[in-house]
There are 6 protein chains.
Amino acid sequence: MSRVDTAVTPTDVLTFGETMALMRTDSPGPLATAHQLGLGIGGAETNVAIALRRLGTDVTWIGRVGDDGLGEKVLREVAAEGVRVVPLIDPAAPTGLMIKERRTGDHTRVTYYRAGSAASRLTPADVSAERISSARLLHVTGITPALSTSARETVFAAVDSAREHGVPVSLDLNYRAALWSAEEAGRVLRELVTRADIVFAGDDEAALVVGSGACDGLARGLAALGPAQVIIKRGAHGAHALIEGVTHDVEAVPIRPVDTVGAGDAFVAGYLAEYLAGEDAETRLHTAVRTGAFACLVAGDWEGMPTRRELGLLDSTEPVQR
Amino acid sequence: MSRVDTAVTPTDVLTFGETMALMRTDSPGPLATAHQLGLGIGGAETNVAIALRRLGTDVTWIGRVGDDGLGEKVLREVAAEGVRVVPLIDPAAPTGLMIKERRTGDHTRVTYYRAGSAASRLTPADVSAERISSARLLHVTGITPALSTSARETVFAAVDSAREHGVPVSLDLNYRAALWSAEEAGRVLRELVTRADIVFAGDDEAALVVGSGACDGLARGLAALGPAQVIIKRGAHGAHALIEGVTHDVEAVPIRPVDTVGAGDAFVAGYLAEYLAGEDAETRLHTAVRTGAFACLVAGDWEGMPTRRELGLLDSTEPVQR
Amino acid sequence: MSRVDTAVTPTDVLTFGETMALMRTDSPGPLATAHQLGLGIGGAETNVAIALRRLGTDVTWIGRVGDDGLGEKVLREVAAEGVRVVPLIDPAAPTGLMIKERRTGDHTRVTYYRAGSAASRLTPADVSAERISSARLLHVTGITPALSTSARETVFAAVDSAREHGVPVSLDLNYRAALWSAEEAGRVLRELVTRADIVFAGDDEAALVVGSGACDGLARGLAALGPAQVIIKRGAHGAHALIEGVTHDVEAVPIRPVDTVGAGDAFVAGYLAEYLAGEDAETRLHTAVRTGAFACLVAGDWEGMPTRRELGLLDSTEPVQR
Amino acid sequence: MSRVDTAVTPTDVLTFGETMALMRTDSPGPLATAHQLGLGIGGAETNVAIALRRLGTDVTWIGRVGDDGLGEKVLREVAAEGVRVVPLIDPAAPTGLMIKERRTGDHTRVTYYRAGSAASRLTPADVSAERISSARLLHVTGITPALSTSARETVFAAVDSAREHGVPVSLDLNYRAALWSAEEAGRVLRELVTRADIVFAGDDEAALVVGSGACDGLARGLAALGPAQVIIKRGAHGAHALIEGVTHDVEAVPIRPVDTVGAGDAFVAGYLAEYLAGEDAETRLHTAVRTGAFACLVAGDWEGMPTRRELGLLDSTEPVQR
Amino acid sequence: MSRVDTAVTPTDVLTFGETMALMRTDSPGPLATAHQLGLGIGGAETNVAIALRRLGTDVTWIGRVGDDGLGEKVLREVAAEGVRVVPLIDPAAPTGLMIKERRTGDHTRVTYYRAGSAASRLTPADVSAERISSARLLHVTGITPALSTSARETVFAAVDSAREHGVPVSLDLNYRAALWSAEEAGRVLRELVTRADIVFAGDDEAALVVGSGACDGLARGLAALGPAQVIIKRGAHGAHALIEGVTHDVEAVPIRPVDTVGAGDAFVAGYLAEYLAGEDAETRLHTAVRTGAFACLVAGDWEGMPTRRELGLLDSTEPVQR
Amino acid sequence: MSRVDTAVTPTDVLTFGETMALMRTDSPGPLATAHQLGLGIGGAETNVAIALRRLGTDVTWIGRVGDDGLGEKVLREVAAEGVRVVPLIDPAAPTGLMIKERRTGDHTRVTYYRAGSAASRLTPADVSAERISSARLLHVTGITPALSTSARETVFAAVDSAREHGVPVSLDLNYRAALWSAEEAGRVLRELVTRADIVFAGDDEAALVVGSGACDGLARGLAALGPAQVIIKRGAHGAHALIEGVTHDVEAVPIRPVDTVGAGDAFVAGYLAEYLAGEDAETRLHTAVRTGAFACLVAGDWEGMPTRRELGLLDSTEPVQR
């Protein structure tokens with residue numbers, strides 16, 4: 001296919017997974033009384049990729065989409081952000097789709113059209129060892145193994161290949177209840193955690209793997225499975241981390257959130273950008289909570305992700321009357 | 001006219017009155033500097049009807065509109081919600097119209113074009129005894145008797161017919177200062193109260209009929225005129241009721257309101273839906289305040305009315321960063 | 001489910017099938033560079049139902065949708081038009097969805113998300129004999145048998161039941177190449193033609209069943225299979241019909257088409273409305289071509305369907321400068 | 001009222017009449033399925049005033065509107081165009097309103113809310129002799145005398161005052177069938193024609209006054225009543241005029257019209273602008289047909305009115321591929 | 001040029017300066033991901049002029065713009081508000097332009113295209129002594145002298161002419177860091193302060209001229225340079241003033257601001273309107289803080305400016321559920 | 001700057017020049033009465049680059065923009081299309097801007113804000129010999145040398161470097177009268193023609209260089225200056241070419257154009273794509289006229305550029321009524 005970059009270029013972060021077309025209503029209310037939908041895209045891995053890119057990190061994303069207009073949309077929006085896109089066009093399955101109904105300002109209902117989507121047909125061959133070994137870090141999420149058997153195999157194959165090539169593995173548990181049961185997720189994600197170097201999880205997600213508990217217990221439980229860096233994302237409560245055996249607690253930046261979707265992905269990107277820049281754990285977490293906070297200030301899963309310069313706006317004083 | 005349902009079908013609630021086309025600006029500011037208006041519909045009785053329908057109650061609305069595009073709009077939007085519409089197309093008068101200017105986020109100015117409208121020409125013949133006797137409840141508002149002499153006669157004739165057929169009568173005082181004086185309204189509404197079984201009123205509206213006082217006095221005053229169920233709607237302060245001689249006080253659900261128009265109608269629908277479902281007074285009021293609260297979460301007079309399932313969202317915890 | 005009309009009401013036309021949410025771009029260009037989509041609905045049977053209703057015919061539509069916002073949208077838009085809706089809410093499958101990309105003013109690309117949709121799970125039990133026998137006509141299309149095995153069984157069961165109860169059957173072949181092969185379609189549609197009283201077909205569609213030929217041969221071929229009324233829809237070339245053994249040719253109304261989608265459904269509705277009104281074949285065809293022409297004057301699959309009064313606009317002279 | 005210009009300034013053209021708020025759908029289709037309306041203004045006299053202003057003529061318009069947002073809209077849009085506005089704010093009646101439904105690209109349905117409007121309450125005192133005598137020309141239309149008795153009196157009083165002060169009177173017959181009968185209009189307009197110096201009429205309008213006939217007969221008939229300049233506007237067929245006893249025929253400029261509303265007003269403005277500039281009859285008619293043609297190239301009653309520089313675009317050659 | 005009012009009319013306030021086309025995104029987020037921009041206008045002097053006009057004061061604005069569509073836009077929007085516009089069309093330079101990116105709800109980034117703009121080419125001849133002497137007050141800002149040498153000369157010439165004719169001079173320091181250095185601004189503005197009668201300044205702006213300090217010291221410092229009325233605008237902290245030797249402190253009206261841009265201009269207009277109406281200092285400041293507060297309730301630099309009637313809305317109680 | 005690709009990747013086509021933000025009104029009419037503008041981008045070289053990319057050719061664009069939101073917009077839209085972007089962020093100058101007013105359907109007025117723009121500050125160092133030698137073709141236009149002295153030097157330096165490295169040079173004359181005189185353009189473009197291998201020109205543009213004449217004479221005249229391939233673009237009249245000494249004439253594809261801007265760039269891309277694919281002259285010209293025609297079917301300078309698959313739509317038959 002003509003858009004495939006056949007050449008493999010060295011990159012900081014390699015990631016892959018499903019990015020869908022995303023349609024949403026402009027203002028709160030029932031979808032049934034709406035007449036227009038905004039058309040965009042969304043996917044946990046590309047959210048992270050875009051946030052990393054805006055922070056100055058080089059990222060490559062392998063994306064499988066259908067041979068349709070929505071697939072073109074997904075590819076063009078990710079490429080627009082400066083992410084290196086390795087497009088895989090599946091002629092036999094459509095691009096996944098999600099529709100967001102903001103029923104009220106605080107309650108969102110999402111309908112997915114992703115069963116049998118192109119991205120659910122990812123196979124281990126789509127993520128070559130050559131690409132993996134050309135990266136400084138591999139980032140995967142717990143969504144991909146829930147998409148299909150072949151997608152799950154792809155994640156495990158990629159992670160194993162990364163380990164083999166000495167490429168550190170970052171994993172965000174990202175449990176999606178619409179895709180699989182807590183039981184199955186817990187079992188599979190546990191397997192992934194044992195193979196990862198850096199693990200991100202919400203409290204509930206960590207509990208799927210190690211059983212419920214306070215956040216320090218959750219972090220210790222995950223770390224006991226292998227990863228040297230475990231970060232518990234706690235939203236408005238900040239973050240708790242166990243990094244190379246040292247405990248860190250960081251507070252959230254106080255903001256008035258507009259849209260919290262994507263904030264977890266922003267957090268991950270903030271952490272990884274500093275990690276790859278060689279910064280210490282405190283700096284990683286400091287940037288992570290700030291990036292996560294900033295992403296909440298704009299509607300959209302990724303549109304609000306900050307550049308490093310924009311992160312500085314969080315420190316600016318109140319606007320005054322002019 | 002072809003759209004009239006000549007057959008009379010048994011229904012839970014029968015209601016009638018004026019529903020107008022409703023145009024409004026998208027964002028706060030002067031109407032004079034706006035260039036686009038949203039086009040919808042609004043009317044107290046159809047607000048109640050739609051809210052009842054979303055809660056699962058069968059409702060029939062008799063609507064008189066002009067033979068014009070805005071009349072078609074009114075009929076189609078009410079029918080869209082699953083309300084049984086008995087359309088009366090008046091070839092000689094236009095559909096009423098209201099324009100809402102949101103001057104600031106907190107201040108709305110409404111201009112009406114309803115003098116001589118089709119709905120103001122309602123006559124007693126428009127609401128047949130057959131339809132009334134096929135309903136389990138008749139709901140009327142204090143707006144209709146203010147529209148014209150014939151509209152007033154229609155309300156009284158319908159109420160009398162309901163009483164004759166043993167159909168309970170629900171009345172929402174709904175005083176509209178733009179339509180008539182407080183004096184005239186007080187006199188006419190008092191007459192209606194004496195004929196009603198269930199009466200809803202705001203503090204100020206109750207005072208028009210029984211003189212000002214605290215809300216328990218207002219309720220007692222109204223109940224003394226006849227109705228077995230008197231409910232004082234108190235907005236952010238909840239509700240006070242005197243039902244079958246028993247006093248009830250219920251608190252409002254704490255929310256951040258987006259648009260309070262329609263909340264009183266939602267409250268009425270919540271109460272009536274439970275009443276018709278055979279629920280006790282506490283349940284009726286509990287659902288009433290919750291339905292009223294939910295309706296405030298979305299812009300629009302009726303668009304945000306909740307289904308029973310959606311009412312449950314009021315209990316959900318804070319959204320978290322994902 | 002609360003919205004189901006359990007009571008069965010006599011109706012002129014009963015129809016059923018898949019109606020989907022329909023998203024489309026406003027102006028020509030790639031979907032990939034669009035940022036907003038109009039949200040509406042579309043389905044051949046509801047297009048016919050809405051057009052019939054606007055012409056004054058009473059219509060009932062049995063619609064199976066998912067338990068989601070798009071399903072609510074489908075139900076509310078059909079109900080808005082005054083069609084009696086018998087809603088079947090499928091908790092286990094989503095509402096079908098189609099996305100229309102107007103690549104240029106003349107070229108449209110449609111992507112469907114309908115595999116496994118709620119409507120594809122129609123079963124014979126969804127269309128009761130009681131409903132069929134309460135109608136004066138049953139209208140089905142060749143789309144429904146292509147959706148799934150159970151949907152196909154539903155069509156055949158309904159048609160057989162109609163014949164049993166003496167209810168005439170109208171069939172629009174409506175071949176959809178995206179759903180099945182020409183071979184399979186030809187075989188199944190032939191079976192349906194033998195059971196129908198009124199058959200509508202484009203030239204190509206007729207050829208699937210009786211082999212290619214000129215339109216008079218196609219009509220004779222279809223009539224030989226049983227139906228007393230065979231109408232070949234020829235778009236800008238008008239129509240050819242063989243009705244009760246008599247041949248009719250009618251020219252199209254000359255217009256500048258804006259959007260031809262839905263014109264065939266409008267044609268069918270024009271024909272059936274006059275047939276049910278007891279008009280002769282010439283009148284039926286005259287109204288059919290005019291209704292079809294009018295529907296081309298407005299963008300949207302059904303939005304432009306005319307009322308009887310609006311049909312008169314086709315005769316108005318040129319607008320003059322005022 | 002603070003906006004009234006109490007000072008009277010010399011002006012080229014003085015005019016007055018009803019200008020309404022104007023709401024319209026963006027694209028063809030039923031109003032009932034529209035969700036947004038464009039908000040603007042329209043009125044024959046202000047259309048002429050705006051067109052005159054864009055051509056460089058100084059114009060003053062006396063406008064009576066309600067004390068509401070739509071009235072502010074009317075005043076601000078006319079003032080925006082550089083027309084001197086003498087605002088009269090009527091606290092007791094609303095601003096008139098019209099709603100335009102473009103049912104198809106060629107068929108528009110207009111609904112008016114102007115009965116009892118502020119402008120229908122114009123009185124002779126609103127148009128002072130001082131203002132009239134400060135103008136070089138008074139322009140009135142046949143719409144104003146149809147609004148109410150007092151509005152009719154206002155027109156006659158203004159015309160008589162102009163004659164008394166030696167100010168020439170321009171009259172556009174502008175018959176509106178929605179406002180009065182052909183008989184009454186014919187009688188009243190005849191009276192006005194006898195008092196006018198310049199009369200503009202369509203064929204049909206002229207026939208109301210002098211009986212039907214060919215356009216040269218119509219012009220002679222009107223001229224026989226008094227006016228020295230009679231111009232028959234013939235839209236796509238150009239114009240016929242009888243000016244100071246000399247007959248003139250001018251062809252229309254060939255264009256593809258987008259919206260013909262306002263073209264007649266543009267024609268009048270083109271004629272009057274040249275008349276006031278002292279140009280001869282040929283030049284007046286030449287500019288009139290060109291201004292009328294240009295106004296058809298843009299949607300909107302007045303938005304497309306040309307400046308003198310823009311009139312030159314009618315002569316430009318075909319755009320080429322760049 | 002045809003739009004120039006050659007006649008000079010007496011006016012309450014004369015002002016001049018650069019008003020630009022203003023484009024802005026609808027909702028927060030990066031400009032780079034926006035697809036539509038709202039098109040309006042903005043300029044400190046016309047903000048003041050419009051606010052004054054809405055409060056009932058007669059205002060004249062001399063505006064220099066390019067011979068382009070944006071220049072027409074600027075002129076028409078200011079004229080729309082009832083401000084007398086003296087248009088100066090510069091055929092050799094474009095109209096200035098500003099683009100506002102609302103990066104988050106609280107952070108705005110503005111890009112200017114005003115270097116070499118038409119307004120930067122203002123010359124002393126553009127503001128005639130005749131116009132100045134026909135006004136009751138001249139209002140200038142510290143923006144104009146930063147635009148160019150000739151613009152600076154124009155301000156000084158106008159101020160000197162006003163003093164010569166006994167016309168009081170109002171000056172708002174309005175320091176714009178994008179246009180000149182603090183040093184140069186401090187020096188030039190100091191010169192202007194010595195020539196002004198009424199001076200408005202924010203704390204920071206005052207400090208540029210007299211060195212930093214508390215607001216009472218700043219006011220004393222400015223007053224020491226000559227002006228009898230010095231008002232320090234303190235936004236959400238109200239205002240401090242030293243008027244005819246008397247100190248005044250006034251609190252702000254508590255509001256939830258939507259957009260604070262233009263609030264300072266509204267404040268100035270509120271003060272000047274009361275000053276020209278002969279009201280005392282307390283009344284001037286009372287109206288100033290209220291006008292400033294109101295302007296914050298609507299998005300847009302000037303769109304939300306209140307009329308006197310609308311100012312009363314600030315006292316209305318909380319909206320209740322209806 | 002972080003987005004710069006420091007690595008140089010082999011590419012098919014290298015190009016550079018000014019791409020601006022592009023704002024335009026949605027529908028015909030004066031800019032002064034518009035309230036919204038669409039925000040996009042445009043530039044001759046990126047139009048060609050995007051069209052090439054959609055046809056499957058690998059392209060690299062070197063783009064100099066300001067450090068502002070519009071610059072980010074330019075970079076993201078070009079990158080979105082799969083073009084390799086080498087971004088040069090100029091901290092000291094803004095991104096160029098153009099505003100398109102569609103005064104009527106056939107007349108467009110463009111206002112530029114490009115004087116002193118970032119792209120006008122291109123220098124020879126921005127286009128390294130290493131990048132040039134890694135390309136199979138260099139494409140430049142006659143716009144860039146008109147921007148500034150340094151931009152002109154950049155073009156000549158790049159062309160000379162290409163010749164030195166054996167990289168063929170493609171030149172589109174693209175004369176822009178707003179930027180320089182015909183005399184200066186003729187002189188400079190003549191110098192460029194002598195250095196080019198492939199030259200594209202409209203009739204008028206060719207005449208600037210070789211004097212006016214028929215298109216065969218123009219082609220011979222240009223070819224005499226050196227280029228082996230000379231193609232005269234003739235819009236609706238097709239094209240005339242003199243390629244390796246052989247004359248070719250090709251007709252245009254008959255279409256109803258919606259927007260002809262960008263058609264010439266599409267033509268160039270169609271030609272170059274086939275040239276680089278090794279196709280013969282007839283195939284190159286055949287694809288060129290088809291690509292040019294297709295681009296006219298969609299509004300926007302580049303949005304409508306076709307893929308190879310979409311080119312096939314030009315052969316599809318009329319859409320039929322469905």
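Letters A, B, ... are given to chains in the order of the sequence lines, protein chains preceding strands, and every chain is numbered from 1. Below, each value reflects all heavy atoms present in this structure, side chains not excepted, and no hydrogens, waters or symmetry copies. If you're wondering where the values come from, they're calculated on a predicted model, not measured in any experiment.
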Tell me, side chain or backbone of Ile41(C) under 4.5 Å from chain A's heavy atoms, or both, or neither? neither
Which pair of heavy atoms, one from [X] and one from [Y], lies closest together, and at what distance?
X: Glu72(C); Y: Ala32(A); result: CB-CB, 3.6 Å
X: Ile99(A); Y: Met23(C); result: CD1-CE, 3.7 Å
X: Leu31(A); Y: Lys73(C); result: O-CD, 4.1 Å

Max heavy-atom pair count under 4.5 Å with chain A, selected residue of Pro30(C), Ala34(C), Ala21(C): Ala34(C)
Atom CG in Leu37(A), atom CG in Leu37(C): separation rounded to 0.5 Å? 6.5 Å
If you round to the nearest 0.5 Å, how far is CD of Glu101(A) from CG of Asp68(C)? 9.5 Å
Keeping to residues at least two apart or across chains, list the ring pair (Phe, Tyr, Trp, His ring centres under 6.0 Å) pairs with something in residues 62-87 of chain A. none
Does any pair with a residue in residues 21-44 of chain A pass ring pair (Phe, Tyr, Trp, His ring centres under 6.0 Å), and if so which ones, sequence neighbours excluded? His35(A)-His35(D)
Output the residues of residues 297-304 of chain A for which the shortest heavy-atom distance to chain C is under 4.5 Å, in residue-number order; output 'none' if no such residue exists. none
Output the residues of residues 109-120 of chain C for which the shortest heavy-atom distance to chain A is under 4.5 Å, in residue-number order; output 'none' if no such residue exists. Arg109(C), Thr111(C), Tyr113(C)
